[in-house]
Structure formats: structure tokens, C-alpha cells
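Below you'll find the structure, written out as C-alpha cells, and then a few comments.
Every chain is numbered from 1, with letters handed out A, B, ... down the list of sequences.
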Amino acid sequence: MNKMLFADPDKCTGCNRCTYVCSAVKTGQFAPSRAHIQINNFPHKGFAAPSICFQCPGAPCHKACPANAISRNADDVVVVDAEKCTACGNCVTACPYGMIEQNEQKVAYKCDCCDGDPACVKECFSGALVFQEKTPALVKIKGLQMKQRATEGLPAEKRHQLGKALLLLSRD
Amino acid sequence: MLLPGLFVSPFMKEKNMNLYVGKLLVVDLTKKKISTEPLCQEWIRQYWGSWGLALRYYWDAVDPEVDPLSANNVIVIMTGPFSGTLMPLTSRLSLVSKSPHTGTIFTSNVGGAFGPELKYAGYDGLIIKGASDSPVYLKIIDDQVSLEDASALMGKGIFETEECLEAAVGFTGAKTLAIGPAAENLITYSMIGSESYRQFGRGGTGALFGSKNLKAVVCKGSKSVQVADMAKFIERVTHYKTENLFTEDNLWANSDGTAVLVDATNEMGIHPTRNYTAGISEQKDTLNSDAIKAAKLSDRACAGCPLGCGKFTRIGETEVEGPEYETLCLGGSNCEVHDLEAVIKYNRSCDDLGLDTMSCGSTISMAMEMAESGRHDFGLKFGDAEEYLKVVEEIANLSTERGRDLAMGAKKLAEKYHSADLSMEVKGLELPAYEPRGNYGMGLAYATSERGACHLRAFTIFSETPFDIETQVQDVIEAQNFNGIKWSMCYCDFWGSINTEITAELLTVGLGEEVTAAELDQAGERIWNLSRLFNQRIGFTSKDDNLPGKVLKNPLKKGPNAGKTFNSEDFSAALQFYYKLRGWDEQGQPGAAKLAELGLDQL
């Protein structure tokens with residue numbers, strides 16, 4: 001069975017080491033705004049929820065791409081071929097979690113699980129991020145997150161909506 | 001695995017210096033003028049960042065005689081070379097100015113994520129001058145910087161101000177520095193809050209903003225921090241994180257947070273209780289780490305910190321991140337309030353209204369002792385949690401006579417009611433929660449800190465010879481010099497095993513230039529001496545390097561140090577030995593040889 005990335009908001013401390021290392025690995029600089037994972041931090045409520053790409057079955061970004069630039073690889077990870085990307089941005093609109101974005105040249109980028117060895121997971125000391133085969137408990141956590149779909153807004157706003165919804169679920 | 005598919009985008013074309021941005025944001029509130037200036041290259045290798053660089057900039061910016069709350073005073077806020085990188089526990093941010101509470105120069109630092117955010121917005125630091133004629137907040141969205149009307153925010157607490165600002169800038173995750181009503185009222189122990197529960201806590205930072213009509217700073221950054229060799233930088237950071245940070249010296253922060261000190265200081269007999277009357281609390285279990293764990297909802301971390309020492313708690317309807325050790329003691333056992341729910345409410349109220357929980361707690365406990373000893377009845381009694389919670393709001397809002405009295409802080413309150421013998425402060429700053437009669441090093445640390453009684457300059461509580469003056473003096477000087485560089489690198493205090501060798505190695509990899517531990521060690525001493533020089537120019541002398549009368553004269557009660565004082569003779573001997581080892585004269589004035597050695601002789 002393939003390993004997958006899972007995020008447990010109840011263990012996330014909001015430290016953002018995942019976004020630091022992700023941006024370093026993907027862009028060569030520390031630039032969390034450009035990370036392929038994001039943290040929705042709610043300091044006032046003592047809560048933080050990672051936004052990760054769920055590598056959705058029937059991925060909306062994949063379906064929305066008119067140029068066959070998005071595909072699913074052998075590890076079941078949804079990947080972008082930057083060479084084929086026509087910079088249309090349809091995938092960004094389609095993703096309900098705000099987890100595919102465009103760089104300055106409008107080329108789409110998203111989490112590719114670092115070819116099966118995600119840098120973010122190795123930085124997560126609290127265990128909020130794991131990369132492993134699925135378990136019933138992890139599938140349940142992921143299922144709850146995947147229900148929080150946002151159809152409107154910029155990626156950051158979609159992620160914020162997911163974070164707010166998970167905060168309510170966690171603290172009720 | 002590292003750096004797969006690295007591509008060069010326009011995003012990377014804006015080439016900064018390595019580790020630094022190389023640019024400061026300068027805001028003149030009188031002229032409503034916003035500008036930038038290059039970071040002074042010459043000072044980087046002498047002062048490095050955060051405390052050191054802010055201190056050097058402040059030195060040039062003001063006359064030492066400046067009134068702290070006047071438009072002529074300047075606030076310098078500075079990040080460090082590691083801010084915003086993967087180097088752990090480096091997200092703190094230092095502020096340097098002259099304190100309205102003590103009249104000394106001072107630095108205060110805050111955790112959270114504002115520091116890295118400021119750097120991502122494209123600035124190593126922020127210099128705030130002048131004073132606005134109407135309430136404003138400073139909005140920083142990368143290169144878009146503006147002063148905005150804050151009239152609608154005035155009177156609001158820090159929590160609501162943060163919420164309003166995030167909505168106003170339209171960015172989720174914008175970071176803020178904000179003040180509450182206590183700072184608008186210029187209370188000299190008001191603070192600047194960030195992310196609700198983190199503060200530039202001590203010395204009256206809030207009143208500095210208040211005096212400038214600056215309600216808040218809100219920041220969102222989307223740029224980057226660059227290093228010379230990313231793959232090696234990550235490899236070295238990972239090595240020291242695993243081998244040095246994740247060790248017994250530091251992991252208490254993860255498992256317990258600062259509440260672990262409640263049991264530890266009680267065991268040592270240095271846990272201030274009943275306004276520094278006793279050295280232990282017989283009801284410590286109500287406020288110790290186990291009590292915090294029972295109320296805990298989650299662990300919380302500053303940006304880039306894997307330890308997550310913040311313990312977010314809830315009892316009943318009240319939530320707070322903390323309370324931290326200082327609040328558990330100075331707002332707890334030192335007021336004989338042995339009820340965690342009450343201390344959580346106290347903590348939250350101070351955090352929202354904008355008061356330093358330490359100075360506030362110590363002032364309240366003194367008022368309780370004044371009432372008990374018949375000096376003046378403020379309607380406050382040891383253990384009366386209801387009145388203690390009420391008076392916090394009265395202080396912040398200056399809404400009652402006792403609130404206005406206590407808003408002066410311990411020193412001035414004692415002066416007004418002829419109770420100097422009960423006041424627990426040095427240079428006007430109330431003592432932290434470590435009893436000097438049970439640890440002479442802490443006494444010396446309090447007496448010689450640039451900002452008055454402070455535990456973040458030297459912290460000798462774990463010494464095995466707490467009454468041996470010679471080793472205590474040596475330990476204090478070593479710690480003060482080291483902390484000079486530690487706060488300049490923005491390290492958190494809780495990386496207890498970090499040293500200048502590791503720091504020099506990471507700076508070398510990050511900068512791409514050779515940095516040695518020796519030059520960092522010397523920078524720490526330089527920073528300490530420069531602060532001293534500033535205070536000397538204001539007129540502070542060795543007479544001000546003193547300890548409260550209680551510490552010198554009144555035997556401590558209860559616990560292993562019962563009966564002990566730090567008597568004047570021992571204290572004076574310690575102080576003179578301290579000056580001598582520092583290369584200062586008998587008046588505590590840095591000597592010409594020392595200043596020349598540190599390159600400070602031309603200042």
C-alpha cells in the first residue's frame with residue numbers, strides 16, 4: 001500500500017517548521033509564503049491546522065487542467081508538469097482546499113510529497129504530520145478535513161475556512 | 001533528497017544579503033514619513049542583530065537624557081540573522097529604548113511570529129521616531145507601508161485589536177504588535193502584546209507606543225530569507241537540533257513548559273511567597289506543572305520552534321496560553337492566590353488590557369502587605385482572589401483611586417505611602433520570581449542588569465554553590481556576556497545548551513563568511529558595556545546597583561533558606577568584585593582599557 005501524508009491539527013503547535021523547510025527545499029530560500037504546505041494558525045484559541053494536499057481521488061485540479069499538465073504518478077501523488085502548464089489557473093480555482101497555487105510566472109505548483117520522502121514530516125516534532133500507510137484513525141481524521149470544501153475565494157481564504165471549521169470541530 | 005527540482009523564478013531575483021535583508025524601515029510619526037535605509041554594514045560584525053544592533057542604533061538616535069514618553073524618544077525593534085530560517089528557537093524580536101518605568105535604557109523581547117514576518121516583509125528592523133497627533137496604526141504589507149487611522153481601535157483590548165487589524169488588512173495570518181488601554185493610559189508597566197498571549201513584557205514597552213499614539217503594527221510578508229549554502233545549512237541545523245537541542249537540558253520545555261519551575265524553585269527554597277516573605281509555598285501543588293497539565297488543551301510554539309513550551313489552558317470558560325512560571329508565582333503564591341482558575345483569569349486580563357503580569361503581580365502583593373501591616377488599606381488581602389482580579393481592571397483603566405495608586409508600580413507606590421521597606425524592585429523594576437536570599441547570583445543579576453531586576457541577563461538558580469560569592473560573580477558575568485549575544489541572535493532562553501561555537505558555525509554557513517566564536521563572545525561583552533555606558537550618561541551610579549531592603553535585612557521565612565539574608569556587607573563585596581572582574585572602577589564606571597578593548601572608546 002502507498003504511504004500518504006496525514007495531518008492531525010490537535011497535535012499541531014503552529015511552529016511552521018514544515019513551511020520553512022518546504023520552501024527551502026522547493027525554492028532554495030526560506031519563504032513560507034511559497035511552501036507547498038501551509039499552517040492556519042489561531043493563536044488566540046491555541047489552535048493550528050495544517051493545510052496539506054490530500055492527493056484527492058478524482059482530483060479537481062487534475063480534472064480542471066486543459067493541458068494535461070497535471071497527472072497522477074505511480075505513487076498515487078498528483079503532480080504538475082511545469083513544462084506543459086499553460087498558466088491558465090483553472091486548477092487553482094478548482095481546488096477546494098487552496099493547495100495548488102501559481103508562481104510569479106503563473107505556473108502551477110503543489111505538494112509532490114518530495115518523491116516519497118517529505119521534508120515537512122521530518123521537521124514535525126509534535127507528530128502532527130505523518131507519512132505512512134493509512135490506518136482507520138488517520139482515514140477518519142483525513143475524512144473530516146476533506147469534508148471542509150471551499151468553492152469561493154483565494155487559496156489562502158480557502159485554507160483559512162478549513163482551519164476555522166476544524167477549530168470548531170476540535171473544541172466543541 | 002534536498003533541493004529537488006530547484007527552479008529559478010523572478011521571486012528569487014531580488015537578491016538580498018545572506019541571513020539579513022540589509023534594510024531597515026524608518027517611520028517618523030510626527031512627520032508621517034516612511035522611509036527605508038540600508039543596514040549599517042560596519043555594525044553587523046560588531047553587534048550582529050536584535051538586541052545588539054538595536055542598542056547601537058538607539059545609541060545614535062537619542063540624547064541619553066531624553067524623556068522616555070516624549071516625542072524625542074525613539075523605539076528600535078530588530079530581528080536577527082537567523083530570524084525566519086530553519087535555525088530553531090530564533091524567532092524572538094528585541095526592542096530597545098529608554099524605559100518609562102525605570103528611566104534606564106532597556107531591551108525587552110517577544111516570541112511568536114512577528115519577527116520572522118517582518119523579515120519576510122523585507123526589513124531587518126523597524127525604527128519608530130516622533131509622535132503622531134492622532135491615533136494611528138502602522139500597516140506593513142511587503143513594500144506597501146502606510147500609517148492608518150486607529151481612532152476606532154482606541155480603548156479596545158489587545159485581543160480585539162488584533163482581530164480588527166487582521167480584518168482590516170484582509171490577510172489571514174497577518175502578525176501584529178498591539179497595545180491595550182493600560183498602554184493608552186501610559187501606565188509605565190504596560191506592555192505590547194503579540195498573538196494574544198506573547199509580550200514585549202517588561203519595562204513599559206506599551207507606554208512607549210501609547211505616548212506616540214501608535215496603537216499597533218500589523219505586518220504580512222511574502223518574501224524570503226536567503227543563506228549562502230542551503231543544503232549545508234539545513235544539514236548543520238538538523239545535526240545540532242538532534243544532537244544539542246533535543247537533549248535533557250532543553251526538553252523540559254516540551255514536556256512541561258516553564259511551570260516546571262514551580263516545583264524546582266520550591267525545592268530550592270527560592271519561590272517568592274507572600275510578597276517575598278517566605279521562600280516556599282505550602283500550596284505549590286495548586287499551581288505546579290501537574291496542575292497546568294490537568295487544564296491543558298494544547299501545546300503552542302513560537303515560529304520555528306519544535307519544542308512548543310506554550311501550554312494552552314482552559315478552566316471553566318477562561319482560556320489562556322500559560323500561565324507561565326513568573327505569572328504562576330508573582331500572580332499566584334506571592335499574592336497567596338492558590339487557585340489556578342483565578343491565576344488564569346488574572347493572566348488573561350493582563351494580556352488583554354496590556355499589563356506586565358510580573359510588575360502588576362508584585363505591585364499587588366506589596367499593596368496586600370501594606371494593608372496587612374496597617375500602612376494603607378487598599379481593600380486587597382493576601383488570598384482574596386476576587387479583589388485581586390478587580391484591581392487589575394482598575395489599574396489598566398485608572399478607574400479608581402487604588403487603581404491609579406497601583407498603576408505607579410511598586411517603587412512609587414511605596415514612596416507615596418512611606419513603605420520602601422516592602423517594595424521589591426531594583427531601579428524601579430519589580431523582581432522576577434527567584435528569591436535572591438536563597439541564591440546570591442540572582443541578587444547580583446538583579447542589581448547589575450541594565451533594566452533593573454531581571455532574570456534574563458543571568459540565571460544562576462541551578463548553581464551548586466549559590467552562596468559562594470566568587471563563583472556567583474564569575475557565573476553572572478559569563479552569563480551576562482553570553483546573553484548579550486544570545487539575545488542578539490534572537491535565541492530563546494530555553495535553548496539552554498546553545499553556545500557561541502555552534503552559533504559561529506551556523507553563521508559561517510549561512511553568511512558564507514568565516515565567523516568565530518571569539519568575536520561573538522566579545523560582541524556580547526561589548527553589548528553589556530554599551531548599555532552600561534548609556535545608563536552612566538543618564539546619571540546612574542553604583543548606588544543604583546542595589547537590592548531591596550527586605551533582601552538585605554529581613555531573614556527569609558520557611559524552607560531550606562529560612563533565616564538567610566543577602567546582607568549589605570556580602571552584597572557590597574560581591575558588587576566590588578563584580579566591577580573589578582568587569583574592568584570597571586569602584587563606582588561601576590567602565591574603565592578606559594576595557595572600552596578600548598571593546599572598541600567603545602570613541603563613543
- Message: Please identify, among B:V237, B:L297, B:T238, B:T313, the residue contributing the most non-hydrogen atom pairs under 4.5 Å to chain A.
- Response: B:L297
- Query: What part of B:E166 lies closer than 4.5 angstrom to a heavy atom of chain A: side chain, backbone, both or neither?
  - Reply: side chain
- Should the pair B:Y120 and A:Y20 be assigned to parallel (<30°), tilted (30 to 60°) or perpendicular (>60°) ring geometry? perpendicular
- Please report the shortest heavy-atom distance between A:C15 and B:C305, naming the atom on each side. CB-O, 3.1 Å
- Task: Could you look at A:K11 and say if it's the side chain, the backbone, both or neither that has a heavy atom under 4.5 Å from chain B?
- Result: neither
- Note on the structure: Under 4.5 Å to a heavy atom of chain B? For A:A48 that would be both
- Proximal component of A:R171, with respect to chain B [non-hydrogen, under 4.5 Å]: both
- Query: When only heavy atoms count and the cut-off is under 4.5 Å, which of residues 82-91 of chain B reach chain A?
  - Reply: B:G84, B:T85, B:L86, B:M87, B:P88
- Task: Please say whether more than 12 non-hydrogen atoms of neighbouring residues, nucleotides or ligands are located less than 6.0 Å from NZ in B:K293.
- Result: yes
- Query: With no hydrogens and no angle check, is any side-chain donor or acceptor of B:S298 less than 3.5 Å from a backbone partner on A:G46?
  - Reply: yes
- Picking from B:D351, B:D299, B:N254, which has the most non-hydrogen pairs under 4.5 angstrom with chain A? B:D299
- Compare every heavy atom of B:T172 with every heavy atom of A:A156, then report the nearest pair and how far apart it is. O-OG1, 4.0 Å
- Task: Step through the shown structure and confirm whether more than 12 heavy atoms of other residues, nucleotides or ligands are within 6.0 Å of CD on A:Q102.
- Result: yes
- Message: Taking side chain as everything from C-beta outward and backbone as N, CA, C, O, which of these in A:C18 sits under 4.5 Å from a heavy atom of chain B? Side chain, backbone, both or neither.
- Response: neither
- Task: State the CD-NZ distance between A:Q29 and B:K223, to the nearest 0.5 angstrom.
- Result: 11.5 Å
- Atom CD of B:E317: over 12 foreign heavy atoms under 6.0 Å: no
- Pairs of heavy atoms under 4.5 Å with chain B: top-ranked of A:H44, A:R159, A:H160, A:E157: A:H44
- In terms of heavy-atom pairs under 4.5 Å with chain B, which of A:F42, A:F47, A:F125 leads? A:F125
- Message: Just verifying a value: how many Å separate A:S23 OG and B:M230 CE, rounded to the nearest 0.5 Å?
- Response: 7.0 Å
- Query: When A:P43 is tested against each of B:E162, B:R198, B:K175, B:E195 for side-chain contact (heavy atoms from CB on, under 4.5 Å), which residue passes?
  - Reply: B:E195
- Query: Are any of the side-chain heavy atoms of B:K241 and A:E123 separated by less than 4.5 Å?
  - Reply: yes
- Item | Which atom of A:S33 lies closest to which atom of B:S222, heavy atoms considered | OG-O, 3.0 Å
- Message: Using side-chain heavy atoms (C-beta onward) and a distance below 4.5 Å, is A:F30 in contact with B:Q226?
- Response: no
- Might you confirm whether atom NZ of A:K3 has over 12 heavy atoms from other residues, nucleotides or ligands at distances under 6.0 Å? no
- With respect to chain B, which residue among A:N16, A:N40, A:N41, A:I39 yields the maximal number of heavy-atom pairs within a distance under 4.5 Å? A:N41
